[in-house]
Amino acid sequence: MSVASEYLQLQKQSADELVRQHAPLVRRIAYHLMGRLPPSVDVSDLIQAGMIGLLEAARNFTTGRNASFETFAGIRIRGAMLDELRRTDWTPRSVHRKVREMAEVVRQIEIETGADAEDAEVMRRLGIGAEEYHQVLADAASARLLSLSAPDDADGGAAFDVADGDSLGPADSVEHEGMREALVEAIGSLPEREQLVMSLYYEEELNLKEIGAVLGVTESRVCQIHGQAIVRLRARMTGWTEGQGIGNRESKTGKSKPR
């Protein structure tokens, strides 16, 4: 056997071992995502997509990377699952439309007042009651709404994901980093409780029930807070794409947004 053949054989064995060791990570990420998806989504489909992502991560990982394999694989696994959700989008167009309308109302209120849009004012302008309002928030928490890797489609759908920076060209990378910075700024401007829910969900990877235990509220209330954060972020990121980001909103109104 040649030296090159021996190297390829060792590389294959190493990749297979990485897959075996990190297979539980795929299930953990899949069930975490399922915490904000409807029952119609089959967790086995997510796991299957995630295993493909894990295989690709094992084949492409090099020890010279700054991140650990688990971090690298987690990004690829989530990306593969989000791609599967994009491919088989379960969300009705009416859901995208209602969330998009709510986000636009939130954006207009915040441009006018320089402050966080209040629930009552959003409901008044939309002409809906509390029950429908909370349903839209629940839909917002589970629909695919905000993306850093692709613009909204005609139905307003996208995913909370980040494109692989290594695959971007120079101009794309600049725009990508700009959007990432804008998203970080937008998250930092959210009301404190919404920031906390976003942090616990996306960074600490707690599910809605666990977050409810931390906050001392019901799981459904956590879902509403999560939905409010998503709608508010969508509104503020829409403003960024139109040159009316957070800073511009404050300068227009002459008010500093309360923290």
Open item on the list: Whether the side chain of Glu110 engages the backbone of Ala117 through a donor-acceptor N/O pair (distance < 3.5 Å, no angle test) should be reported.
Closed with: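 Looks like yes, one N/O pair under 3.5 Å.
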Task: From CA spacing to verdict: side chain to side chain contact (heavy atoms under 4.5 Å, CB included), Met51, Val19 - done: CA-CA 8 Å; Met51 286 302 298; Val19 171; 4.0 Å; yes
Task: Leu200 vs Val214 side-chain heavy atoms within contact, under 4.5 Å - done: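 Result yes, sub-4.5 Å side-chain heavy-atom pair found.
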Open item on the list: Once you measure the plane-to-plane angle for His22 and Phe69, does it fall in the parallel (<30°), tilted (30-60°) or perpendicular (>60°) bin?
Closed with: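 Judged by the thresholds at 30° and 60°, the geometry between His22 and Phe69 is perpendicular.
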TODO: For side chain to side chain contact (heavy atoms under 4.5 Å, CB included), just list the numbers for Arg234 and Arg100, CA-CA rounded to whole Å, side-chain angles, deciding distance to a tenth of an Å, and then say yes or no.
DONE: CA-CA 8 Å; Arg234 180 180 177 86; Arg100 189 168 62 248; 3.7 Å; yes
Task: Atom CD of Gln21: over 12 foreign heavy atoms under 6.0 Å - done: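 Yes - once you tally the heavy atoms of other residues, nucleotides and ligands closer than 6.0 Å, there are more than 12.
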- [ ] To the nearest 0.5 angstrom, please state how far the CD atom of Gln195 sits from the CD1 atom of Ile187.
- [x]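 It is 8.5 Å, given to the nearest 0.5 Å.
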Open item on the list: Between Val197 and Leu215, does the side chain to side chain contact (heavy atoms under 4.5 Å, CB included) criterion hold? Intermediate values first, please.
Closed with: CA-CA 9 Å; Val197 168; Leu215 298 182; 3.7 Å; yes
Open item on the list: Show the nearest heavy-atom pair for residues Gly50 and Met81, with the distance to one decimal.
Closed with: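 The answer is CA-CE, 3.8 Å.
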- [ ] Answer whether the closest heavy-atom distance between the side chains of Gln224 and Tyr133 falls below 4.5 Å.
- [x]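 With C-beta onward as the side chain, the pair stays apart.
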Open item on the list: Over 60° means perpendicular and under 30° means parallel, so tell me whether His226 and Tyr201 are parallel, tilted or perpendicular.
Closed with: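 Taking Tyr201 first and then His226, their aromatic rings sit tilted (interplane angle of 30° to 60°).
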Task: Residue pair Asp139 / Val95: nearest heavy atoms and the distance that separates them - done: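 Scanning both residues, the minimum pair turns out to be CB-CG1, 3.6 Å.
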TODO: Using the side chain to side chain contact (heavy atoms under 4.5 Å, CB included) rule, take Leu46 and Leu85 through it: C-alpha gap first, then chi angles, then the decisive distance, then the call.
DONE: CA-CA 8 Å; Leu46 294 185; Leu85 290 172; 4.0 Å; yes
Task: Heavy atoms from other residues, nucleotides or ligands near CD of Glu101 exceed 12 (cutoff 6.0 Å) - done: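 Counting other residues, nucleotides and ligands, CD of Glu101 exceeds 12 neighbours.
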TODO: Quick one: pull up CD in Gln108 and CD in Glu104 and give me the separation to the nearest 0.5 Å.
DONE: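 One gets 5.0 Å once the value is rounded to the nearest 0.5 Å.
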- [ ] May I ask whether Ile211 and Met198 are part of the same hydrophobic cluster, defined by side-chain heavy atoms of I, L, V, M, F, W, Y residues being less than 4.5 angstrom apart, directly or through others?
- [x]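 Hydrophobic grouping puts Ile211 with Met198.
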- [ ] Write down the atom of Ala73, the atom of Leu25, and the distance for their closest heavy-atom approach.
- [x]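 That would be CB-CD2, 4.4 Å.
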Task: For Met237 against Ala186, the heavy-atom pair lying closest together - done: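 Closest heavy-atom pair between Met237 and Ala186: SD-CB, 4.3 Å.
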Open item on the list: Do Ile29 and His32 make a side-chain contact, defined as non-hydrogen atoms from C-beta onward lying under 4.5 Å apart?
Closed with: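 When only atoms from C-beta onward are counted, His32 and Ile29 do not touch, as no gap falls below 4.5 Å.
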TODO: Find the distance between CG (Leu55) and CG (Asn60) and round it off to the nearest 0.5 Å.
DONE: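 It comes to 10.5 Å.
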Task: Nearest non-hydrogen partners of Asp116 and Pro191, listed with the distance - done: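 Reported closest heavy-atom pair: OD2-CG, 3.3 Å.
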Open item on the list: Could you measure the distance from the CG atom of Leu196 to the CD atom of Glu203? Nearest 0.5 Å is fine.
Closed with: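 Rounded to the nearest 0.5 Å, the CG-CD separation comes to 10.5 Å.
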Open item on the list: Rounded at 0.5 Å granularity, tell me how far NZ in Lys209 sits from SG in Cys223.
Closed with: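 Between Lys209 NZ and Cys223 SG, I get 15.5 Å after rounding to 0.5 Å.
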Open item on the list: Salt bridge or not between Arg20 and Glu17? Use side-chain N to carboxylate O under 4.0 Å.
Closed with: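 So Arg20 pairs with Glu17 through a salt bridge.
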Task: Under-4.0 Å salt bridge between Glu185 and Arg236 - done: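 No, no charged N to carboxylate O under 4.0 Å.
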Task: salt bridge (charged side-chain N to carboxylate O under 4.0 Å, His left out): pairs with one or both residues in residues 120-136, sequence neighbours excluded - done: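 Non-adjacent pairs meeting salt bridge (charged side-chain N to carboxylate O under 4.0 Å, His left out): Glu112-Arg125, Glu121-Arg124, Glu121-Arg125.
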- [ ] Could you grab the distance from atom CD1 of Ile52 to atom CD of Glu84, nearest 0.5 Å is fine?
- [x]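 With rounding to 0.5 Å, CD1 (Ile52) is 8.0 Å from CD (Glu84).
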TODO: Return the minimal non-hydrogen interatomic distance between Met102 and Val231, and the atom names on each side.
DONE: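 Distance-wise, the nearest heavy atoms are CG-CG1, 3.8 Å.
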Open item on the list: Same cluster or not: Val217 versus Leu190, using hydrophobic residues (I, L, V, M, F, W, Y) connected whenever any side-chain heavy atoms lie under 4.5 Å apart?
Closed with: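 The answer is yes; both residues are in one hydrophobic cluster.
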